[in-house]
Amino acid sequence: MLLTNAHVNSNGETIISSSDDDSLVLYDCQEGKPKRTLYSKKYGVDLIRYTHAANTVVYSSNKIDDTIRYLSLHDNKYIRYFPGHNKRVTSLSMSPVDDTFISGSLDKTIRLWDLRSPNCQGLMHLQGKPVCSFDPEGLIFAAGINSEMVKLYDLRSFDKGPFATFKLQYDRTCEWTGLKFSNDGKLILLSTNGGALRILDAFKGAVLHSFGGYNNSKGVTLEASFTPDSQFVMIGSEDGKIHVWNAESGMKVALLDGKHTGPITCLQFNPKFMTFASACSNMAFWLPTIDD
C-alpha cells in the first residue's frame with residue numbers, strides 16, 4: 001500500500017489520506033493515530049481535499065471514470081458527483097474563501113466547480129497537461145501548462161484569458177506534477193516527477209531558485225510544500241528522507257530522517273499546531289523543535 005495524497009482540514013484536527021488500496025484514512029493530528037478508515041473500492045481514490053466543512057471531502061476517482069466525488073465522512077454518503085473529465089485528474093485545489101474548487105486533468109482541461117452544483121461552472125481547454133492551484137486569497141488561480149509555462153487567471157474573468165503568462169525553460173528530463181502558492185502569495189512552487197523543484201516570483205514569473213540533490217529516479221510524484229510562514233521549502237525523497245531549503249537564500253538547511261521505508265509521496269503542514277505529516281506507506285507526524 002502506498003499513500004498517494006493527503007490533506008489537513010482547516011481546523012487542524014484531522015488529516016485524511018488516500019491510498020492505492022482504495023482506502024481513505026482519517027488521522028487525529030494531535031494524537032498522530034488513525035481514527036477511521038473508509039473505502040472507495042468501486043471508484044478508487046486519488047487526489048483528496050477537505051472542503052471548508054470539517055467532515056466533507058472531494059476526491060478524484062481512478063476506476064470506472066474520472067468523476068470527482070463529494071463525500072460526507074460523517075455517514076460515508078456521497079453528497080454530489082462532478083462529472084466532466086475524461087482522463088485522470090492531476091490537480092485539485094479548494095478555494096481558501098468559498099465553496100469553489102478547480103480541477104486539472106490529463107484531458108488538457110481545467111474545470112471550475114461549485115460544491116452546490118454538479119455542473120461545471122467554467123471550462124478551459126489548454127494546449128497541454130495542466131497543474132493548477134488557487135492563490136491564498138482565492139482571487140486568482142495559476143495554471144502550469146505542458147511543464148513550460150505558468151498562466152495566472154482572475155477568477156472573476158478567467159474566460160477572458162490569463163492576465164499574466166510566464167514562459168520557463170523546458171526541462172525534458174521531467175514533468176511538472178504540482179503547483180502551490182506560498183501562504184504570503186509571493187512565491188509559486190513547481191514540483192516535478194524528477195529530481196528538481198523550482199520557485200518562481202508570483203508577480204514577475206522569474207525563477208528565483210531551482211532545488212535538486214534529492215533522490216527520485218523512478219519518476220514518482222513527490223509532494224513539495226512551503227512551510228506556513230513561507231520561509232522554507234520541503235520535499236520528501238525516494239530514500240525516505242526530507243530535504244529542507246531556505247526559500248529566500250536557496251540554501252539547503254536540513255535533512256530529516258523519518259525512518260520512511262519508501263518514497264515520501266505526501267507532505268502536509270498543519271498551521272494550527274505547527275506540525276507536519278509525511279507519508280509513504282505509513283504516516284509520520286512531526287513536531288518542530290525550536291533552535292536558538
Side-chain angles (χ1 to χ4, degrees), residues 5-12 15 29 49-50 52 91-98 101-102 131-144 150-155 163-164 166 168 176-192 196-214 221-237 241-256 258 264 266-279 285-292:
N5 208 232
H7 196 231
V8 177
N9 74 351
S10 53
N11 63 21
I15 182 170
C29 284
R49 298 289 178 267
Y50 272 107
H52 294 292
S91 282
L92 198 55
S93 177
M94 197 78 212
S95 164
V97 294
D98 60 25
F101 69 97
I102 53 174
V131 286
C132 55
S133 179
F134 280 102
D135 82 320
E137 309 278 293
L139 299 174
I140 68 168
F141 63 90
V150 175
K151 293 177 181 276
L152 301 182
Y153 296 85
D154 187 312
L155 194 59
F163 65 83
F166 310 137
L168 276 70
W176 297 352
T177 53
L179 182 154
K180 289 184 181 182
F181 281 88
S182 56
N183 278 348
D184 61 10
K186 293 176 181 174
L187 304 171
I188 292 172
L189 177 61
L190 291 167
S191 45
T192 72
L197 294 173
R198 288 183 193 163
I199 292 187
L200 311 186
D201 181 305
F203 302 104
K204 299 175 186 161
V207 177
L208 301 176
H209 299 293
S210 291
F211 302 129
Y214 59 93
T221 297
L222 303 172
E223 183 179 22
S225 287
F226 285 106
T227 52
D229 61 7
S230 309
Q231 289 186 18
F232 300 94
V233 170
M234 303 174 70
I235 191 168
S237 63
K241 306 268 199 315
I242 296 170
H243 298 250
V244 189
W245 295 269
N246 183 302
E248 189 177 356
S249 71
M251 299 289 288
K252 186 175 276 193
V253 292
L255 183 63
L256 308 174
I264 298 175
C266 309
L267 197 60
Q268 282 276 319
F269 274 90
N270 186 336
K272 283 280 193 297
F273 296 121
M274 290 309 292
T275 58
F276 72 92
S278 58
F285 291 85
W286 301 73
L287 206 60
T289 55
I290 296 167
D291 296 326
D292 290 331

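Since the model is a prediction, treat every value here as computed from it, not as a measurement.
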Is [X] reaching over with its side chain to a backbone N or O of [Y], donor-acceptor style, under 3.5 angstrom?
X: Lys272; Y: Ser10; value: yes
X: Thr177; Y: Thr221; value: no
X: Ser95; Y: Gly138; value: no

Check [X] against [Y] and note the closest heavy-atom contact, atom names and distance.
X: Thr227; Y: Met234; answer: CG2-SD, 3.9 Å
X: Glu223; Y: Leu267; answer: OE1-N, 2.8 Å
X: Gly185; Y: Phe203; answer: O-CZ, 4.1 Å
X: Tyr153; Y: Ala143; answer: CE1-CB, 4.0 Å
X: Cys29; Y: Gly12; answer: CB-O, 3.4 Å
X: Ser230; Y: Asn183; answer: OG-N, 3.3 Å

Check whether any side-chain heavy atom of [X] lies under 4.5 Å from a side-chain heavy atom of [Y], and answer yes or no.
X: Thr275; Y: Phe285; value: no
X: Leu189; Y: Phe226; value: yes
X: Asp201; Y: Phe166; value: no
X: Leu168; Y: Leu200; value: yes

Quick one: [atom1] on [X] to [atom2] on [Y], what's the gap to the nearest 0.5 Å?
X: Leu190; Y: Lys180; atom1: CG; atom2: NZ; result: 12.0 Å
X: Leu256; Y: Phe276; atom1: CG; atom2: CZ; result: 5.5 Å
X: Leu208; Y: Ser249; atom1: CG; atom2: OG; result: 11.5 Å
X: His243; Y: Ile264; atom1: NE2; atom2: CD1; result: 8.0 Å
X: Phe211; Y: Arg198; atom1: CZ; atom2: CZ; result: 12.5 Å
X: Tyr214; Y: Leu197; atom1: OH; atom2: CG; result: 3.5 Å

Among all residues two or more places apart in sequence or in another chain, which pass the side-chain contact (heavy atoms from CB on, under 4.5 Å) test with Glu248?
-> Asn246
Take the angle between the ring planes of Phe141 and Phe134 and call it parallel below 30°, perpendicular above 60°, tilted in between.
->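 Phe141 vs Phe134 ring planes: perpendicular.
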Under 6.0 Å from the NZ atom of Lys252, do we count more than 12 heavy atoms belonging to anything else shown?
-> yes
